[in-house]
Every structure is written in C-alpha cells, then in structure tokens.
Amino acid sequence: MTKVRNLEDAVAMVPDGATIAIGGLSMNATPMAFVREVIRQEKRDLELLAIVNGMAIDWLVAAGCVRRVIAGLVSFEGLGLAPNFRRAVQAGTIEFEESSEHILISRLQAAARNLPFMPTKAGLGTDVLGINKGRLRVDSDPDTGEQYVAALPLPVDIAVVHVHEADEHGNARVNPKLIWMDSEVVNAATTTIVTTERIVPHRSFTAEPHRTTYPRFMVDAVVPAPWGAYPTSSFPEYTHDKSFYEEYVAAAGSGREEFELFFKNRVAGPATHAEFIDANGGAGKIIEIRRRTS
Amino acid sequence: MTKVRNLEDAVAMVPDGATIAIGGLSMNATPMAFVREVIRQEKRDLELLAIVNGMAIDWLVAAGCVRRVIAGLVSFEGLGLAPNFRRAVQAGTIEFEESSEHILISRLQAAARNLPFMPTKAGLGTDVLGINKGRLRVDSDPDTGEQYVAALPLPVDIAVVHVHEADEHGNARVNPKLIWMDSEVVNAATTTIVTTERIVPHRSFTAEPHRTTYPRFMVDAVVPAPWGAYPTSSFPEYTHDKSFYEEYVAAAGSGREEFELFFKNRVAGPATHAEFIDANGGAGKIIEIRRRTS
Amino acid sequence: MSVPIPGADCTLDELMVVTFSRAMSNDTRAFNGAVSYIPVCGYLLARKTHAPDLVWAASSIGIDADPPALGESTLSDSIWEGSTMLSNSPFDFWTYAQGAIYNTFAFRGAQIDRYGNVNNTVIGSFDEPKVRLPGGGGMADLSTMTPRIYIWSTTHNPRTFVDKLDFRSGMGWGNGGDHRALLGLPGGPQLAITSLCVMDFEPESKRMRFKSLHPGVTVEMVQEATGFEVLVPDGEIPTTDLPTADELRILRVEVDPTASRLREFA
Amino acid sequence: MSVPIPGADCTLDELMVVTFSRAMSNDTRAFNGAVSYIPVCGYLLARKTHAPDLVWAASSIGIDADPPALGESTLSDSIWEGSTMLSNSPFDFWTYAQGAIYNTFAFRGAQIDRYGNVNNTVIGSFDEPKVRLPGGGGMADLSTMTPRIYIWSTTHNPRTFVDKLDFRSGMGWGNGGDHRALLGLPGGPQLAITSLCVMDFEPESKRMRFKSLHPGVTVEMVQEATGFEVLVPDGEIPTTDLPTADELRILRVEVDPTASRLREFA
C-alpha cells in the first residue's frame, strides 16, 4: 500500500489548530512547497514549531495561518529579520514561545522517549528559563546539588521534513546523511510527512541501507516535491535563493500594499510549486541555484 | 604531528588499574589485536567495561589482567558461555558489576555530557536496580509522580575501538557507518585509541566527510591493525571465526592444563597478530572468514 | 535436536515458530537479541505470510532484513542482508525502543516465574552465585520499554519454570496485578510459548494460564513440569493449532533453510 | 562598509578579525552560529597561522571546513567545503558541546552588559516588545556549556553596551563574581572585542576592563560609548596590536577573499 500522496492531499491531513513542526535550519532544507500549500489551503490557528527558521515562519504568519510560534531563532540571518513575524509579535497578534535550541531538542527527546523530562544545562542563568515556566523546571541533583534544567515533553502532532529520496513504503533519506535536527521532530511527532526531491525504487534503499535516514514505520506520507525546499537550500543539490530573500525583505519594507502584491504574485498566488518557481525566475533560477555536488 | 602508534606503544599507554572500555558487540567489531597485546604486556588490575561482549572479557580474565568487569551480557551466544569469566565470578576472584545495556549507555552519556544523571525507564521493577546502588537512583518526577531511573555518570579512562580506516590525524571511520554502541564509550572516555584495518590518506576523509565516524579531536592514538578484530567480525569485510570459538570452548571444557596449552599456543603466545592468525589457520582462515562486501 | 510432534507432520521447533508467528500482527514492530531463533523465525514467517508490513530489526540494527539463512548468532551482522536501513544503535534504536515505536520484544531465560519475569543472571545468590549466567543484556531495559512482550522456552521443566526467581533480570508483570502499570510501564507479557504449551496471563492477577496444549501434552504433564500452579481457564483447553503446509514450506525453505532454530534445542 | 584604522594599513574589520584570531590557541575547538563573520574569519586565520591544529566546525556541522570563500550566511551548507567530517547535529554536535569538547564559543548581541551577558531577544519587555529581535537560538545553551566565551561587537555604542539588559539571552558571567561557578557552569567570557577596544574581565568582580584600545581611540571615547563604567587596569592601557602583513594577506586572499566580514558593518 503506497504512502505516496500529492501535495494537496498531504496538506489536507493537517487540521486547523494542529501543532505542526517544520524541519530544516535557517535557510536550509525547509519543506517550502508544503508550507506554500498550507497557505493556499488557508489553514488556521496552527501552532508552529520551527527550531531555527525564517522564511517558513514569516510566510505562514503573513498568510494568517498561525496562532502561536515556538522557536529559538527567527531571522533571515545577514539578509534581514523576518518582517511579518516581527510585526505580528510586536503587535501581539500571534503568541511567541521563545526557547533555545537545546531546550527544544531536549523537550522533543523527552516526548519521543516517554520520559518525564530530559536534563540539560541549557539556559541556566538566562532569562529563557523565566519565560518557559511550565515547560521546564530548574532542579538540583539530590546527591551532588548540581543544578540542571528539566526540559518537559513537547509532543508534536505533525512533523514535515524535506528529504532527497523516498520509496513508496516511506523509507526516506537525506543526502549525504542527516545533518540538521529534523530527526528530533520526526521522533516526537504522531504523524510524519516527508516531501521528497524524488521517488526512487525500493531497491535503492536495500542497495545502500546505511544511508537510510527514516525507516518506513516513521513516515506516514511521502510527497513528491522536486525543488521542494526552494527558496531554501537542499544540500548538496541546490543552494538558497539569495535574491528572493532580498526582494522579499525589500517588499516588506516598502509598505503593506507593495508587500501584499509581492506575496500574492511571488509566493501564494501561483497554483503549483513549478509555477511558483517560474514566478521567481523559472529555469534560469533553477540553473542559478544549482550547486556542484559536494 | 602524527597520531599513528604501533600496537606495543599504544598498549603501553594503559596504566595498571585503569578503567578501560572495549568496543564492539558480542562477536562483532572488538579490537582483539589490542586485547591480545594487553595480555602480552601483563597489565594488571584493570576495570574492564564491555557492554555486550564475550571473547575479549574471557581472554583478559583468563590472563589475570582484570580486577573488575562491568557488562550487561557476557557470552559467546549460541556457541557457549564465557568459561573463564564464569569460573572467576563463581570463585569470587574477580568483581562483576552486572548492569544492563541502556543503563550503561545512559551512565556513559551522563559522563560525556557533564550531566549529574540521565533518566531512563530501564530496569524499573527488576533486580538490576538493587545491585547497582550508588550507580543509579530510582526517582520520581515531582510534577507527574512518574518513576524513572537516574543513571549516574560512568567516566572511562581509556576507550579502545576498532575501525576500518583512519588517517594520521586521528580522523576515523567505521564502514558503512557506526552501528554499535562504540561512540558512547568514546564520548565518555578521557583517552581514545582506535585500532584500524588500514591507514588512509587524509584526502580520503575530505572526499567523503559524511562517512567520518570520529573526528580527529576525539582520537588520541591510531594503531594499524589489519584483521585486528579477528576472531570477532569486522562487517562488512570479514566475519567472526566460528571454529575458534568452538575450539576455545572445547579446550576450556577439557581441563585446566589443556586450556592453558590452548591459550598459550592459540592466543597469548604468538608474538604478533599475524602470527596469532597463523596459529589459527593463517591465510586459509583469512580466506574462509572473508565475506562479500554488503 | 528435532522433536517430532505426535500425529502431525512437523517438529516441536516448527510448531513453536508457527505459534509465535501467528501471535504477530501486521502492526508488529520488533527487534531481537542474542540466541533468539524462535522469535526471529517467527517474525520472518509472519512477514512472509499474514503480516506483510511487520517490521523486524535484525539484531536490533538491520531493519526489514531478509537474510537467505540464519547462522550461529542472531546478534551479529551476518543476518543484516537485505535490510532497508542499518540503524544506528545509540541514536536510532534506543529512541525507537524508549518511544515504544518498537512495540514487540521476546525473551527467554534460565528461570521464568508465573508473572513472566525472567532470570538470566545467576543461579544462587548474586554475590556468591552457584552458576554465573550470561547476564540480562538489554533485557532489563527493553522489558520495561516495550508494550508487547512474548516469552518462549524450549525447556519447559521445573528448573526453568520456578516458583521464585533467584534474580529478576527481565520484567514481566512484576509482582502481578497492577505492578507494571504502577511503575508507569506500558503493556506487559502477552503469551508464553513453551515446549509443552501456550500460556496467556489471567487479566486480573497476571498469572500464567493455559491457552493451548501442544499435541500429546496434558494439563498434568505441564503442572508437573512447572514450579508453580498454572491457572486453568473456564471450558476446555484447546490443542495448539498445527502449522499449515504453506507455513511449514516457507519456514523450511525460505526462512530458515539451515534449521538454525534447532540451536535452541541443544 | 570598511572603516580605516588611522596610521595603519588595515581596516577595522581586519583589526578585529586578527585580534580575535590571536586570542585563539592551538587547542581551540570551536563552532559557530548565524552572522558570525568575525569569529569565523578569526578561526580560519588562526588555523592558517599560529594554531594549525585548531578545530572549527563550520555552522556547527562541517568539521575542519576550508571554504574557498564565505557567502551571505555562516549557518548554511555553503561553508562546509573541505570538511573532514559532516557531523550530525542531534548526536555528534550536542554531545561535543555538552561535554565541553568544543571549548570555544563566540557571540554578539543587540545588547551587552558589563558581565558579558547578551540580549538578542527583545528591546522593551518580553510580553510587549518595542522591538522583536531574532531570538537567542542556541545562545542560552552554548553559553552555559562552553568554557571559553568570546564576545564581539561591531557597534560599540550606548545602545549596545548597556547598564541593564532588557533580556538575558546568553549567559556571560551572569551577575558577576562567582555566579557562573555557583550554577556549575564552566569558564566564562574571556574577551570582548569591539569596534573601539578590547576588554577582558576583572578576575574577582568579572566586570569588563580595558585590555587595549584600538589606534586613535581613548578611554574617554569608550566610556562615552558605553552604558556602564569600564574598569581601568593598573598601568598604561596599550594600543591594540596591529595585524602583520602576513595576517592581512592570508585574511584578504585565503580566508575571506569576498570580504564577507563587512556584512557585520552594515
């Protein structure tokens, strides 16, 4: 029984109000085709976990899909701040649970491993602890008196991650191997959807079983999504689209109408991911962002 | 500055009385050339950690090198029990800290990560907890009342693991990638020695950086040891030597003198690892245990 | 050593494997440890018959492995052939185990008690053992983490099935009743498949209870071979269902052509 | 934007990178996060000059990377080229970080206080922020785990160097004195390298103290640009050592030929 779904059907699996975790890190490896379809299907009241991200969060906030964001860092790095996210938090129109990377990882691990908490030294002495009451606890070891942070479980309804190859059973792999923190959200999630650059035959996994990242039993749906991380990168195949980030930031800085037009024409409007890439440079862009395999 | 050492010099790094962790699992991937040289150098009073192992423990016990064993399982699986280990524990001539795999892993992780403990559900309700007082604690989560085992740190002086390839800087890799629990002992150890099937040029690591198992800063000495896991396996290159295990068990069952002769001729006597393999079948044995790469 | 089953075209090892196999379902996600031929054969047979989606991680590493034959170890890299994933032990395996994503674990032991707890540590006292056994390995861990536990034994006799364990290496239903749930542990032992019979666990007390008797075996024979009283259910105790010709063929030809499973009947 | 250093053949970015580089030693094991050009250039320069064994994990992933140039991100896969190991974040990176095997971490912030704590979270209150900043990312984690902390700032002015942070995202010496040690945290901030000067931390109070002044900068200029009093050490405050021709050549030609480091001086 194949787990292959088209993008529309996979996004339809996300109920309004769900806690959804988006993989990738900053300008890398984010399932942007999926994110765009979430916008097109006008999902609402999502709780969005993205440990370190920018564009995915900003899109979903701009489109009004998000009730609450959980993250450690939200920015476009040197290319700017995430403008819609920033404005929404400042205006109080979305909730923001700021945490830090290792506290989030530890909370996900506690959820994935059926533990009441995971200990870490992360955050001791910082104000991150004070704004996360109820989600962590500062405790001390009864034998040594050593202080630690008990990171409490963070369960996730749906994890969405982008991979390079998957088979119809749900076996999936990231080339050259898993690098970012995506496995943590997959492990903590009830349901996992992978978007994939390509579907490959099952024998491709048995031929190189040490390269498999997620076994089939961790994956509920496989969505073909070529260039599906665009405008973020998918190492080692293509890099992020610097000019998209720059033009997006510029549009957001030019006023509300200008941004809404940009967002309609360049992000949410195009019906398919291919049309979306066409709206941002088409084949020329694909050639521009291609990188030599390394 | 090269980290390459010959076997004699690397074993000379082990002081009597040290806590030494031996990698591998059961009949797989154990640094047996190193173990044999420990015997030849007549090390004494070692505290030996081997999470799941058989032959390495039995040799070191037979040779009188060991004061104390820490393990979860000691056997030759279907090929028999570890006879010298068994006799020594029954006679009370060595101490045995029996633990379980995940408690040991959790204790190693606590040591490696500077944490006062790692939580796990491992062992709840079993007698393993009672015999490990002072090394773990049964606690309950203050919020939920959920019980857990706090596994206290287990620091290791010297870890010895077997790999397929290493460069002179200490970068090392296991083919096709790390599978067993060796990384846990390496992470918890003050000093790590890798024995390697072969030394490869540094560019071999930069060419395929996703395959590197241990980065150079985790490795203190690199010891060339072709067929260095024999008579255990080194997947995917060669398998364990079933007949060695069987003959070893038979010799141990034939009486003390018979076993001592066997141990001298077939294990401890030969001066080099090559001579040791020669004493157990030589080139014919190497051909017999070779497996097709998979 | 192959033991014939009276009136059937199969042997005891085959009956046990097939019984184990049938207890598996399509959502079984299992792994295995050392000297585990009966369950390993059972997982493979189930996958090749009624449970095509069953997950088995060979020696807890080789997911969906399909080895052409089994050797002298169920914990070694020799059974990884055909895997779709060689999973990493510290990172992948222990996460799937702790998270009860792997939902099925089978163990046996030198001693087994009425609640399905087992001893693989010592005969006699821990500090001054009469017999030092191999140790629990991952038994103490995985028996607490895994919801569906299966026990098997090829030596149903009073030395194995004892009133009181010398050491509890693996957790079954603990002290019985709610003990496991009170400790926050999921599920518990489902079946004990032995050389004489199949037992389940009475839902309240969690004590072993007859489920079926192998052909030619009586209640009295089992009671005599058991160091505690096996509960007798209402109604007649059925005879253990025999393997079909198809199951036998697949087991003998495809799953275990070298009959490695007989290593458990040494 | 390149700022010339008076009386020297280099610019401010180069002076800061070289100063950072010289603070590194042969046993430095470092990684980096977002928008970290000064430290990334510093690690590479140190490795190519006085500290050949220095470890740098590019974007915390690409160990011993040797990229031909830096781009518009120090957190992306574009700087992994030449790595000897692409390390796995959840398993490798966080173990090396928690274990203080990675011993060196550099951060900056929108606000920095006298103890080397930083704020990258909000200006104003957390619940009703005047300005929502990007967030701390891994700063709260890595600042507690790593023994050798370096702070840099390309904007030494009273908006950045404040008497009181609006939010403590990253842990320096905390409340000063023994605070860090009392929390069981290793080491602490070593240096703050800014657009005006270099500061260390007075050993008892852990307050920022002049170590050297960049050419043309006076104590008064720094005090005016700082929202707290910078301690003045005994004796004369030296001028920050200038880069050598060799350092400048290696930085300009080998480490950062596209001058990505100027992105920090926008």
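For the numbers below, each heavy atom of this structure counts, side chains included, while hydrogens, waters and symmetry mates do not. In the text below, chain A, chain B and the rest are named by the order of the sequence lines, each starting its count at 1.
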Neighbourhood of chain B inside residues 163-173 of chain C, taking heavy atoms under 4.5 Å as contact: C/Phe167, C/Arg168, C/Ser169, C/Gly170, C/Met171
Determine which residues belonging to residues 118-126 of chain C lie within contact range of chain B, meaning some heavy atom pair is under 4.5 Å apart, and list them by number or answer 'none'. C/Thr121, C/Phe126
Distance col, row B/Thr239:OG1 vs C/Glu72:CD, nearest 0.5 angstrom, shows 7.0 Å
When rounded to the nearest 0.5 angstrom, what is the spacing between CH2 in B/Trp180 and CD1 in C/Ile61? 5.0 Å
Is the number of heavy atoms from other residues, nucleotides or ligands under 6.0 Å of C/Arg252 CZ greater than 12?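 Correct, the count exceeds 12.
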Tell me, for [X] versus chain C, whether the close heavy atoms (under 4.5 Å) come from the side chain, the backbone, both or neither.
X        : result
B/Val52  : side chain
B/Phe85  : side chain
B/Thr120 : both

Greatest number of non-hydrogen atom pairs under 4.5 angstrom with chain C, of B/Ser75, B/Gly125, B/Ala71, B/Ala91, falls to B/Gly125
For the candidates B/Glu98, B/Met27, B/Gln147, which exhibits the highest count of non-hydrogen atom pairs separated by less than 4.5 Å from chain C?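 Going by pairs under 4.5 Å, I would pick B/Glu98.
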Residue pair [X] / [Y]: nearest heavy atoms and the distance that separates them:
X        : Y        : result
C/Thr144 : B/Gly123 : CG2-N, 3.7 Å
C/Gly184 : B/Lys121 : O-NZ, 4.1 Å
B/Asn28  : C/Leu75  : ND2-O, 3.5 Å

Flag the pair C/Arg263 and B/Glu77 as a salt bridge only when some basic side-chain nitrogen lies within less than 4.0 angstrom of an acidic carboxylate oxygen. no
Can a salt bridge be assigned to the pair C/Asp77 and B/Arg291 using a cut-off of 4.0 Å between side-chain N and carboxylate O? yes
